[in-house]
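Each remark here refers to the structure printed beneath this line.
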There are 2 protein chains.
Amino acid sequence: MTMQASQAITRKSLHHELVDRLQTLIISSELAPGTKVPEKSLCDQFGVSRTPLREALKVLASDGLIRLEPNRGAWVTQVTEEEVEEVFPVLGALEALSGELACRHMTDAEIEEVRVLHNQMLESYERRDLDAYFSINQKIHRAILLAARNATLTTSCQALSLRMQRARYLANMTEGRWYQAVQEHEKILKYLVARDGQNLATTLLKHMEAKRVSVIRWLQDKENAPGSS
Amino acid sequence: MTMQASQAITRKSLHHELVDRLQTLIISSELAPGTKVPEKSLCDQFGVSRTPLREALKVLASDGLIRLEPNRGAWVTQVTEEEVEEVFPVLGALEALSGELACRHMTDAEIEEVRVLHNQMLESYERRDLDAYFSINQKIHRAILLAARNATLTTSCQALSLRMQRARYLANMTEGRWYQAVQEHEKILKYLVARDGQNLATTLLKHMEAKRVSVIRWLQDKENAPGSS
DNA sequence: TGACTTAATTATGAATTCAAAATTACGTTG
DNA sequence: CAACGTAATTTTGAATTCATAATTAAGTCA
């Protein structure tokens with residue numbers, strides 16, 4: 001069953017398209033952390049030759065999603081404690097900035113959109129629907145980021161978020177942490193509505209710090225009780 | 001086709017080496033902003049085929065140093081006002097973080113090294129030696145960055161710095177701005193020695209903001225009096 | 001059997017080739 | 001001569017090919 005015709009890529013820049021697709025595969029763990037990137041099989045799957053695929057791998061490597069070992073191929077990077085301790089502070093600083101800028105530039109309509117998302121998120125929290133919660137959560141953070149009106153900031157933030165996403169998405173929040181996160185989001189909305197950039201920045205920073213602790217804890221648990229995907 | 005021997009590349013990963021070399025060419029303006037990247041001539045110059053060169057171009061494009069136009073090749077990006085307004089705030093936030101972390105992690109010996117550099121910088125200021133000043137200036141910022149002990153932060157900062165470097169390096173500081181910058185550096189050293197992370201962060205942020213203004217002014221002057229390179 | 005060599009296979013890195021697109025050069029016509 | 005259209009050339013994007021390094025398999029000998 002060679003159905004690569006259906007999946008064959010034609011749009012704009014091939015390597016760029018491949019970067020997107022590979023990112024998706026990595027975030028969704030279809031390409032599992034620590035495993036080798038199956039160059040040949042991906043070429044078959046996407047119906048492309050090795051040249052554009054390898055171009056995409058170089059880009060992903062510079063973003064830290066994969067690691068290139070000379071003459072030994074590409075490997076999906078693991079989310080390590082060390083990396084988490086590095087990335088979250090940086091992400092915190094960037095999100096804080098995005099909050100500050102968003103307070104200056106966000107339209108009232110956009111704030112209203114965030115309020116709607118916020119309420120949807122509360123609902124999914126009530127339902128204990130973690131998937132929905134994460135999805136809406138991301139939309140809120142993204143809305144704030146976009147409202148900062150700074151493409152460079154957006155790019156930098158997203159690149160780092162991507163690296164954490166696998167880890168964060170699967171982080172089985174405790175009931176306590178989940179409640180805490182919701183409380184933090186109440187404050188985020190409050191300060192956004194008040195256009196209080198300073199306090200929003202501080203809150204987003206603390207929010208990220210709490211996430212860091214949560215993810216670290218999850219990584220440590222996983223280490224002690226490995227195996228179950 | 002031969003004679004590539006003189007500059008031929010042999011070290012580790014070819015595309016990685018090419019990324020480095022091309023960055024250097026771009027920063028030094030040997031590849032001038034706004035011009036087309038001469039793929040063929042670079043291949044000849046480096047003695048490599050197009051494949052690894054194009055891999056490097058993809059990476060540089062994702063870092064924003066060049067722009068890829070589908071079917072039309074690669075172009076060295078211009079430093080625009082818009083971009084400066086975007087990048088400097090982000091860089092400011094990151095340098096502020098680096099200052100905060102550096103105060104926690106820097107060894108006394110490392111602080112001493114910064115002091116030495118600082119004094120050298122003052123000397124080059126007295127001599128009005130702009131090249132030396134910039135070079136030492138960069139070393140100081142880099143020392144602080146490395147002392148933050150955060151590889152992710154280092155990478156992010158440097159990527160953004162690179163994009164600004166062409167513009168900043170050529171920024172013909174006014175006497176007034178130069179004096180101001182030196183004063184700012186006095187404070188930076190002071191707070192570093194005191195390990196006052198909060199104030200160091202604030203100072204670095206202001207320092208970057210002042211640089212932004214300076215570069216913007218330079219860009220505007222350049223626009224009104226173009227041509228002279 | 002098990003450690004060590006050596007040969008076969010496979011995967012990787014980079015050059016080359018090839019089709020398609022864009023650019024340039026040329027010629028025509030008004 | 002200028003504007004347009006067509007042909008030749010060059011450049012680009014991507015597949016293919018090729019040399020080399022790494023991995024696996026097979027064979028040898030204690």
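In the text below, chain A, chain B and the rest are named by the order of the sequence lines, each starting its count at 1. Since this is a predicted model, take the numbers as computed values, not measurements.
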TODO: Rounded to the nearest angstrom, tell me the gap between atom CG in B:L68 and atom P in D:dA14.
DONE: 11 Å
Task: 5′-ward residue of the pair B:T51/B:V37 relative to DNA chain D - done: B:V37
- [ ] Write down the distance between CD (B:E39) and P (D:dG13), rounded to a whole number of angstrom.
- [x] 7 Å
Open item on the list: What is the distance, to the nearest angstrom, from the CZ atom on B:R50 to the P atom on D:dT16?
Closed with: 16 Å
Open item on the list: Check B:E110 with B:R149, please: is the shortest side-chain N to carboxylate O separation under 4.0 Å?
Closed with: yes
Open item on the list: Nearest whole Å is fine: how far is D:dT16 P from A:L53 CG?
Closed with: 14 Å
Open item on the list: Between C1' on C:dG13 and CG on A:L57, what's the gap in Å once rounded to a whole number?
Closed with: 13 Å
Task: Side-chain-base donor-acceptor pair under 3.5 Å for A:S49 and D:dA14 - done: no
Task: Whole-Å distance separating the NZ atom of B:K36 from the C1' atom of D:dT11 - done: 7 Å
TODO: Return the set of residues passing side-chain hydrogen bond (donor to acceptor under 3.5 Å, both in side chains) with A:D129 (not counting sequence neighbours), or none when no residue passes.
DONE: A:R127
Open item on the list: Looking at B:R54, I'd like to know whether one of its side-chain N or O atoms comes within less than 4.0 Å of OP1 or OP2 on D:dG13.
Closed with: yes
Open item on the list: Whether the side chain of A:R72 and the base of C:dG13 hold a donor-acceptor pair under 3.5 Å is what I'd like checked.
Closed with: no
- [ ] Answer yes or no: is there a donor N or O on one side and an acceptor on the other, between the side chain of B:S135 and the main chain of B:D131, under 3.5 Å?
- [x] no
Task: Value in whole Å for how far the P atom of C:dA14 lies from CD of B:E55 - done: 7 Å
Task: Whether A:H207 and A:H141 hold their rings parallel, tilted or perpendicular, with breakpoints at 30° and 60° - done: parallel
Task: 5′-ward residue of the pair B:P70/A:N71 relative to DNA chain D - done: B:P70
Open item on the list: Nearest whole Å is fine: how far is D:dA19 C1' from B:L14 CG?
Closed with: 14 Å
